[in-house]
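Structure first, then comments.
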Amino acid sequence: MINVLKSYNELSSTVANIIKRQLKKHPLSKLGLPTGDTPLGMYSKLIKKELDWKHVITFNLDVYLMDVDHPQSYQMYMRGNLFDRTNIYPDHTHFPFRPTSAFEDKITESMGIDLCILGIGSNGHIAFNEPGSSFKSRTRVVTLSEQTIQDNSRFFGSVDDTPKQAITMGLGTIMESKKIILIANGDHKLNILNVAMNGEVTEDVPASILQKHDNVEVYYCD
Ligand code: PGA
């Protein structure tokens with residue numbers, strides 16, 4: 001079911017409060033975290049909550065294959081929007097890396113992700129699992145679709161300057177999270193959200209795999 005919220009502010013508060021409750025109840029939580037435009041409000045609410053992140057471990061969903069010091073890298077995004085503004089230990093923050101099996105091992109060693117927050121791409125991707133990705137996929141290097149490169153070029157000024165490759169958690173990896181929250185903002189996401197949540201479960205729409213997870217909540221605002 002898609003929970004429709006009145007505003008982006010409400011969407012951001014709702015999800016920030018879910019994370020707050022998670023960290024209060026389980027200070028040793030392992031979180032799966034997204035980047036992009038949609039979670040910005042959620043992060044900005046979260047850093048005002050003065051939570052204790054000392055024992056929290058995070059796994060980001062994906063990274064571009066690019067210089068990590070580039071202002072648009074997801075590592076910089078996470079430092080600027082969350083990590084540098086909490087007391088989380090930098091060593092507890094993980095981004096997909098090569099060999100990708102070692103990243104998977106880190107998740108396994110930490111006993112798995114408790115709460116994973118996801119956005120959805122306009123083509124139905126979650127993390128950078130583009131249409132056609134296997135439902136069994138694990139963390140791996142991927143080539144971004146034309147649509148995703150086009151969508152993300154707004155951050156880089158041009159399609160030419162937009163990274164074409166990334167490392168992403170796989171769909172199989174994401175589905176092992178104990179709880180999943182999917183967030184989407186804007187009416188340009190409504191159609192794909194409906195297709196993913198209410199349509200056929202198919203690898204052509206990667207987010208549709210979430211229909212098979214028994215602990216998913218979906219929040220949308222236009
Ligand atoms: P957005 O990206 O939040 O910037 O729209 C979502 C996604 O592509 O997963």
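Heavy-atom basis, side chains included; hydrogens, waters and symmetry copies ignored. Start at 1 and go down the list; that is how both ligands and their atoms are numbered.
- A 4.5 Å side-chain heavy-atom check between L61 and C116 finds at least one atom pair inside the cut-off.
- In this model, a donor atom of one side chain and an acceptor atom of the other lie less than 3.5 Å apart for R140 and S133.
- Protein residues are said to neighbour a ligand when one of their heavy atoms lies under 4.0 Å from it; for ligand 1 these are G36, D37, T38, G119, I120, G121, H125, R154, K189.
- Sorted by first and then second residue, the ring pair (Phe, Tyr, Trp, His ring centres under 6.0 Å) pairs involving residues 27-65 (not counting sequence neighbours) are F59-H94, F59-F103, Y64-Y74, Y64-F128, Y64-F156.
- Inspection of the E130 and N123 side chains reveals an N or O donor paired with an N or O acceptor under 3.5 Å.
- M66 and I149 fall within a single hydrophobic cluster, where Ile, Leu, Val, Met, Phe, Trp and Tyr side chains are chained together by heavy-atom contacts under 4.5 Å.
- K30 and E109 are not joined by a salt bridge, as no carboxylate oxygen comes within less than 4.0 angstrom of a charged side-chain nitrogen.
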